[in-house]
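The structure appears below as structure tokens.
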Amino acid sequence: MNVPVTQFDPVQLIYTVILTNPQEQAGEYGYYDEDGHLNKDNLKTNIRATLHPVDSNGNALEIEDFLNPTVGYSVQNTKIQENPKQETKIQTAKKSVKTGDEQMIYPYIVLSLLTISIVSVLKRRLEE
């Protein structure tokens with residue numbers, strides 16, 4: 001989903017994970033890595049995470065790939081009942097991600113303010 005992002009309003013990625021092959025035997029599965037910095041190759045929250053930034057003028061900027069967080073869960077050893085139900089606990093992460101170099105926005109702000117000033121002056125001259 002595309003959402004507007006600024007340095008003052010960063011994007012927040014929220015994951016809901018559904019296990020495609022949940023384990024039934026008691027034990028620990030996967031490894032929880034909130035931001036993917038450990039480069040684990042199990043139970044990833046997504047196949048890839050790629051940002052395709054577009055500036056306010058519609059110009060495409062450099063594509064940025066992000067690391068993939070991973071999750072871990074445990075299955076508890078329970079007594080077998082007539083209708084057994086196993087609970088699976090999954091850790092999920094809410095993480096704000098910085099998107100690019102924050103210093104790059106300042107020239108755009110200055111350029112925008114300068115453009116607004118020039119347009120304002122030209123408009124006044126045309127009205128005289």
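Computed from a predicted model, the values in this text were never measured in an experiment.
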Verdict with reasoning, Thr50 to His52, per side chain to side chain contact (heavy atoms under 4.5 Å, CB included): CA-CA 6 Å; Thr50 304; His52 297 268; 3.6 Å; yes
Report the C-alpha separation of Tyr29 and Val75 in whole Å, then their side-chain angles, then the decisive distance to 0.1 Å, and conclude whether the side chain to side chain contact (heavy atoms under 4.5 Å, CB included) test is met. CA-CA 8 Å; Tyr29 298 93; Val75 175; 4.0 Å; yes
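By the criterion of side-chain heavy atoms lying less than 4.5 angstrom apart, applied directly or through intervening Ile, Leu, Val, Met, Phe, Trp or Tyr residues, Leu51 is not grouped with Val54; the two fall into different hydrophobic clusters.
Residues Ile47 and Asn68 approach most closely at O-ND2, 3.2 Å, considering heavy atoms. Closest approach of Leu67 to Asp35, counting heavy atoms only: CB-O, 3.4 Å. Between Gly30 and Leu43 the shortest heavy-atom distance is CA-CD1, 3.3 Å.
At distances below 3.5 Å, at least one donor-acceptor pair connects side-chain atoms of Gln23 with backbone N or O atoms of Asn21. The backbone N or O of Asn59 lies less than 3.5 Å from no partner atom in the side chain of Asn57, so there is not a single donor-acceptor pair. Using a distance-only test at 3.5 Å, with no hydrogens or angles considered, a donor-acceptor pair links the side chain of Thr70 to the main chain of Tyr31. No donor-acceptor pair under 3.5 Å is formed between the side chain of Asp33 and the backbone N or O of Val71.
In this view, Lys40 satisfies the salt bridge (Lys or Arg N to Asp or Glu O under 4.0 Å) rule with no residue, not counting sequence neighbours.
Its side chain within the 4.5 Å cluster rule, Leu122 clusters with Leu114, Ile118 among the Ile, Leu, Val, Met, Phe, Trp and Tyr residues.
No more than 12 heavy atoms of other residues, nucleotides or ligands shown are found within 6.0 angstrom of CG on Asp41.
Under the 4.5 Å side-chain criterion, counting only non-hydrogen atoms from C-beta, Ser74 is in contact with Glu28.
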